[in-house]
Number of protein chains: 2
Amino acid sequence: MREGPDIARIASLVGDPARANMLNALMGGTALTASELALEAGVSLPTASSHLGKLMEGGLLTVASQGRHRYYGLAGPQVAGMIEAITGVAEAVGPKRVRPGPRDGAMRVARVCYDHLAGEQAVAMLDRLVAKNVLVRDEQEIRLGPSAASHFAAIGIDVYTKPRRPVCRACLDWSVRRSHLAGTLGAAILDKILAEKWARREKDSRAVIFSPPGKQAFEKVFLS
Amino acid sequence: MREGPDIARIASLVGDPARANMLNALMGGTALTASELALEAGVSLPTASSHLGKLMEGGLLTVASQGRHRYYGLAGPQVAGMIEAITGVAEAVGPKRVRPGPRDGAMRVARVCYDHLAGEQAVAMLDRLVAKNVLVRDEQEIRLGPSAASHFAAIGIDVYTKPRRPVCRACLDWSVRRSHLAGTLGAAILDKILAEKWARREKDSRAVIFSPPGKQAFEKVFLS
DNA sequence: CGCATAGTTCGTTCCCCATCGAAGCATTCT
DNA sequence: AGAATGCTTCGATGGGGAACGAACTATGCG
């Protein structure tokens, strides 16, 4: 009985278990095919297709056709942010998790959040970059500091190729309740971490596992 | 097929139109009775009661019994934040609003967000307070600056009575996409604005309308 | 061209849950 | 005490939508 944006429509899209599983899987950041998402959600292919259609129509997903594959991905950072917010509430009010599970600890330490690193490691990294004045925090926006270009160039990341998306963005962490670095720079750093094989993605999970030498290298570069 | 917090459970609670309307109404910050919420949602009293039970069980609401009235309110700022996040997405992907409506403009300028002021006015206010070093922004947290106590004491707000809730908090604005001030201080300032009659609440809406002299007074105190 | 794989569409079935009326508690007023 | 108000519980009804199998379209491979 009240005007305004149709929040029930969006929430009900997320409110179906199959769709929620799909969205959760897509929070890993990589686009997935319909079959992969069907498997992830535990439903048949036709069912998954129907769900994907609804998510598309609702504007939560984008799709890229490549040959006979269709890669589905989250429509954007705002959608990812909403899902993190819902996850935060579910985490808080949820039935006091019976057993945290082995993955869970790893998820808190480091995980993929859409296209960048999240978790304690990521929060520590942003803190350090701000403390070193490489990045400057101002309001919700994070900006490049004076030494940013040289700092990142030294480790092979070019911050000057300006894309449509903002280079830096703050993203609130549901496990730590503080911000970590998102945006293209955050994405580039995650790429670097994986490319250097400092860490690997846990199979079928968003957890990111650092190898002992990889952790040292990461700390040397970003936390020193 | 994936562990973790049950996001579908939470989202489906918000996903019902009647419940979404109730939550939206409660975003106004004041606790409401079951009958008021039934009216707001456009459903009968038994139906509303059922919905309220589910929202309670889901942990999204708290209730306070006062005589034969039961006052329902949002369970906390985190829940309010989640609803704003969903609202933001709905706003972004939503069916290109047919007519913005008269209320809509007012909502962007100033509105109630749970228990504090949101909208352009609120964003400007926080900016100014940070610029004047009355408040200090550091990470997601906002802290009191050195002159905070005297500054707020001068306008009759005591920042030293420390409650359980944080005094300052940043809350992301869906219309402006920047932060405004939440926490007990944010709540106290809204109280002040209403107590001084600088502005009034639009009936049955979250919009806050400043009177011309009220706006001047507000700007003198918070934007000078 | 024929076969295999990837996805969508269609039609049907079925279950969950939103809804309301009527009845049942609880609290307050007179 | 009796009446009135505020809210919850119960039971019955109905509709929306999630699920799958089968058929259909599209792309790639030999």
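All of these numbers come straight from a predicted model, not from anything done at the bench.
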Between C:dC17 atom P and B:L52 atom CG, what is the distance in whole Å?
17 Å
Give B:Y71 one of three labels, base, sugar-phosphate or nothing, depending on what nucleic acid heavy atoms sit under 4.0 Å from its own.
nothing
Roughly, in whole Å, what's the span from NE2 in B:H69 to C1' in D:dT5?
8 Å
For residues B:A20 and A:I7, report the shortest heavy-atom separation together with the two atoms involved.
CB-CG1, 4.3 Å
Specify the closest pair of heavy atoms between A:A38 and A:A48, including all atoms of both residues, with the distance to one decimal.
CB-CB, 3.5 Å
What integer distance in Å separates A:L55:CG from C:dT8:P?
12 Å
Round to the nearest Å and state the distance from A:L13 atom CG to D:dG16 atom C1'.
14 Å
How close or far is atom C1' of C:dT28 from atom CD of B:Q66, stated in whole angstroms?
14 Å
How many whole angstroms separate atom CG of A:L37 from atom C1' of C:dT8?
15 Å
A:V43 and A:A18 have their tightest heavy-atom pair at CG1-CB, 4.0 Å
For the pair made of CG in A:L39 and P in D:dC20, what is the distance, rounded to whole Å?
13 Å
Pairs meeting criterion side chain to side chain donor-acceptor pair (under 3.5 Å) with involvement of residues 189-199 of chain A, two or more places apart:
A:K192-A:E196
Considering just the side-chain nitrogens and oxygens of B:Y72, establish if one lies under 4.0 Å of OP1 or OP2 belonging to D:dT8.
yes
Taking protein heavy atoms under 4.0 Å as touching, what does nucleotides 18-27 of chain C look like 5' to 3' if B marks base contact, S marks sugar-phosphate-only contact and - marks none?
SSBBB----B
List the atom of A:R201, the atom of A:R206, and the distance in Å for their closest heavy-atom pair.
NH2-CA, 4.2 Å
Closest heavy-atom pair, B:Q121 versus B:A110, reported as atoms and distance to 0.1 Å, is CG-CB, 4.1 Å
